[in-house]
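Report on the structure given below.
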Amino acid sequence: MAGQIWRAKPGSVLSWEGRTLTLGEDVYAREGHPILDAYQQEFEPVFVTFEVDDAAGPAESAPAEQGPADDQTEGGAKPDPKAVRAWAAENGVDVPARGKIPDAVYEQYAAAQG
């Protein structure tokens with residue numbers, strides 16, 4: 001979602017949807033919002049600056065669904081979480097859509113795989 005962000009000038013008073021509003025500096029509006037279109041003079045653009053450390057190189061992201069070392073089974077790595085979730089959905093087993101899959105679900109999956 002792109003667009004300029006505007007901050008209300010503190011103490012601005014305006015009438016909006018039948019109410020009188022006194023705006024503080026903690027009121028923001030995104031470009032295109034009806035209140036900004038009607039009262040742009042009561043807002044000022046927000047400019048954000050930041051520095052980028054080019055020497056650091058690209059950020060690395062962790063592989064999806066990889067958890068801590070305790071996510072290992074005696075025989076090695078646990079099965080693919082997507083496969084476990086798909087199996088659980090097909091077999092009426094409750095499993096969270098995101099996050100850690102309970103060990104009991106992995107055990108049920110392993111037992112069903114033989």
Side-chain angles (χ1 to χ4, degrees):
M1 186 182 241
Q4 178 69 47
I5 302 294
W6 296 73
R7 178 178 49 211
K9 294 177 183 175
S12 296
V13 179
L14 52 97
S15 176
W16 183 252
E17 296 181 348
R19 297 182 294 170
T20 300
L21 303 175
T22 302
L23 305 180
E25 62 184 28
D26 60 341
V27 176
Y28 294 86
R30 184 176 300 279
E31 187 175 355
H33 190 281
I35 198 167
L36 184 59
D37 292 342
Y39 294 99
Q40 187 167 350
Q41 72 278 6
E42 300 299 334
F43 290 81
E44 55 194 12
V46 175
F47 297 99
V48 178
T49 59
F50 56 91
E51 294 180 22
V52 177
D53 184 1
D54 292 332
E60 294 183 25
S61 61
E65 295 285 343
Q66 184 169 338
D70 69 344
D71 277 353
Q72 303 295 316
T73 61
E74 291 178 21
K78 289 187 176 179
D80 176 37
K82 289 181 181 179
V84 174
R85 284 190 168 91
W87 170 85
E90 292 170 5
N91 292 281
V93 176
D94 287 333
V95 64
R98 297 178 56 198
K100 187 176 186 322
I101 297 174
D103 290 336
V105 175
Y106 277 114
E107 291 168 6
Q108 291 175 323
Y109 176 80
Q113 302 308 307

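These values consider heavy atoms only, across backbone and side chains, with no hydrogens, waters or symmetry-generated copies.
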Starting at [atom1] of [X], measure out to [atom2] of [Y] and round the result to the nearest 0.5 Å.
{"X": "His33", "Y": "Phe43", "atom1": "NE2", "atom2": "CZ", "answer": "8.5 Å"}
{"X": "Gln41", "Y": "Leu14", "atom1": "CD", "atom2": "CG", "answer": "8.5 Å"}
{"X": "Leu36", "Y": "Glu42", "atom1": "CG", "atom2": "CD", "answer": "11.0 Å"}

Arg7/Glu44 salt bridge by N-O under 4.0 Å criterion:
yes
Counting distance only, does the side-chain N/O of Arg85 pair as donor-acceptor with the main-chain N or O of Asp80 below 3.5 Å?
no
Please check this pair: side chain of Tyr39 against backbone of Ser15, looking for a donor-acceptor N/O pair closer than 3.5 Å.
yes
Do you know the tightest heavy-atom contact between [X] and [Y]?
{"X": "Ala29", "Y": "Ile35", "result": "CB-CG2, 4.3 Å"}
{"X": "Pro102", "Y": "Pro96", "result": "CD-CD, 3.9 Å"}
{"X": "Val105", "Y": "Trp87", "result": "O-CZ3, 4.3 Å"}
{"X": "Pro81", "Y": "Tyr106", "result": "CG-OH, 3.9 Å"}
{"X": "Ala88", "Y": "Val95", "result": "CB-CG1, 3.6 Å"}

Would a hydrophobic clustering, with Ile, Leu, Val, Met, Phe, Trp and Tyr connected at side-chain separations under 4.5 Å, put Trp16 with Tyr28?
no
